[in-house]
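Notes follow once the structure below has been shown.
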2 protein chains.
Amino acid sequence: MREVSIGEAARASGVKVPTIRYYEQIGLLPAPVRRDNNRRLYTAAYLKRLAFIRHARELGFEIDAIRTLLELQDHPQQSCAAADATARVHLAEVERRIGSLQALRDELQRMIDGCSHGKVAECRVIETLADTSHRHGRLV
Amino acid sequence: MREVSIGEAARASGVKVPTIRYYEQIGLLPAPVRRDNNRRLYTAAYLKRLAFIRHARELGFEIDAIRTLLELQDHPQQSCAAADATARVHLAEVERRIGSLQALRDELQRMIDGCSHGKVAECRVIETLADTSHRHGRLV
DNA sequence: GCTTGCTCCTCTAGTGGCTAGAGGATGTAG
DNA sequence: CTACATCCTCTAGCCACTAGAGGAGCAAGC
């Protein structure tokens, strides 16, 4: 279980070096151990967290939401009910996003199909996502 | 086809009033007509764009990506090949996101199920999204 | 052993995408 | 005709990075 430098951590996780330091600074991730030369040293578990954060951010989750998910991960046994409630909120939000993305995907696919048949596809990406019927609140 | 004020537009689309003005300012949306009293007046079509932008932003698309999608919408006939390429890039990205979200959804569901059975679920949300195998580039 | 060049460190400043607030005009309900 | 909401513009702040300055550490080749 070899420990790696911040540069290697960045390459392995896809999170940039300054961003990793930033996450440490805001307390989203714990400060890693340092070598004698003052350089940060990352474990495999730490890298997984980094990659997780990266994906969650790309999917539009806010830092606070990610913080909650990480805590859910770390303390699943303490107050099962609380964890359950948190998970449910996130689940609902995730499902909503999947629905929106699927609608968008179908519309993009329709456009590509139309295009490949040589005829001009009328673009309706707006209608696809403009539907205001899926109302919802903030993701906590 | 009644035209509405910025306040009504905000309520109807879910985009806040200052954000609407901001989108106008950065040129993401055209400046709407004004009444004699200098107040903005929005059409139904404009509202759809607003709602579209809102959903796209929530799904993590950058302003530039949204700009591209709106142009795709407005000029689908000019250079079908270019539109097709753009659509394909977005489609790939959208599918990747759907995959990630589905994995996250399944994991959250698993946690909730475990919890409802009274036993403590080991949380593996990190593993769910930490998978670095789905490598990818930026969404243009 | 010393230079070249990469990576690391900290710190400050800038960017994108909003969001809040000041200060003032205009519209609407009682 | 007053009270209050809504609109206007403008400036400043916030979140989540991102870039750059200035300097130290290490590894490889000469």
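Every chain is numbered from 1 and lettered A, B, ... according to where its sequence line falls, protein lines coming before strand lines.
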Verify the contact: side-chain N or O of [X] to OP1 or OP2 of [N], cut-off strictly under 4.0 Å; return yes or no.
X	N	value
B:R40	D:dC8	yes
B:Y23	C:dG17	no
B:R57	C:dC18	yes
A:T19	D:dT18	yes
A:R34	C:dT10	yes
A:S5	C:dC8	yes

If you assign A:V17 and B:Y22 each to the DNA chain C nucleotide with the nearest heavy atom, which residue ends up on the more 5' nucleotide? A:V17

Under 4.0 Å, heavy atoms only, any strand: does B:R35 hit a base, just the sugar-phosphate, or nothing? nothing

So what does A:I26 hit on the nucleic acid, given a heavy-atom distance under 4.0 Å: a base, only sugar-phosphate, or nothing? nothing

Would you find more than 12 non-hydrogen atoms of other residues, nucleotides or ligands less than 6.0 Å from B:R34 atom CZ?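 Yes, because the 6.0 Å sphere around CZ of B:R34 holds more than 12 heavy atoms from other groups.
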
Return yes if the base of D:dT9 and the side-chain atoms of B:R21 contain a donor-acceptor N/O pair under 3.5 Å, otherwise no.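 Flag unset: no donor-acceptor pair detected.
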
d([atom1], [X]; [atom2], [N]) in whole Å:
X	N	atom1	atom2	answer
B:L41	D:dT6	CG	C1'	14 Å
A:E62	D:dC14	CD	P	17 Å
A:Y42	C:dC8	OH	C1'	11 Å
A:F61	D:dA16	CZ	C1'	17 Å
B:L29	C:dC18	CG	P	11 Å
A:I63	D:dC17	CD1	C1'	9 Å
B:I66	C:dG16	CD1	P	15 Å
A:E24	C:dC11	CD	P	12 Å

Check whether any side-chain N or O of [X] sits under 3.5 Å from a backbone N or O of [Y] as a donor-acceptor pair, and report yes or no.
X	Y	result
A:Y46	A:P30	yes
B:S13	B:A9	yes
B:R57	B:F61	yes

Ranking B:Q25 and B:I6 by the position along DNA chain D of their nearest nucleotide, the one closer to 5' is B:I6

Reading DNA chain D from 5' onward, which residue's closest nucleotide shows up sooner: A:I53 or A:D36?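 The residue closer to the strand's 5' end, by nearest nucleotide, is A:I53.
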
Pairing of B:R40 and B:E24 as salt bridge, 4.0 angstrom limit: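 Looking at B:E24 together with B:R40, the answer is yes, because their closest N to O distance falls below 4.0 Å.
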
May I ask you to say whether B:E93 pairs ionically with B:R96, meaning some side-chain N is under 4.0 Å from a carboxylate O?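 Yes, this pair counts.
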
Of the options C:dG17, D:dC26, D:dT18, whose atoms approach the side-chain atoms of A:N37 most closely?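 The closest nucleotide is D:dC26.
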
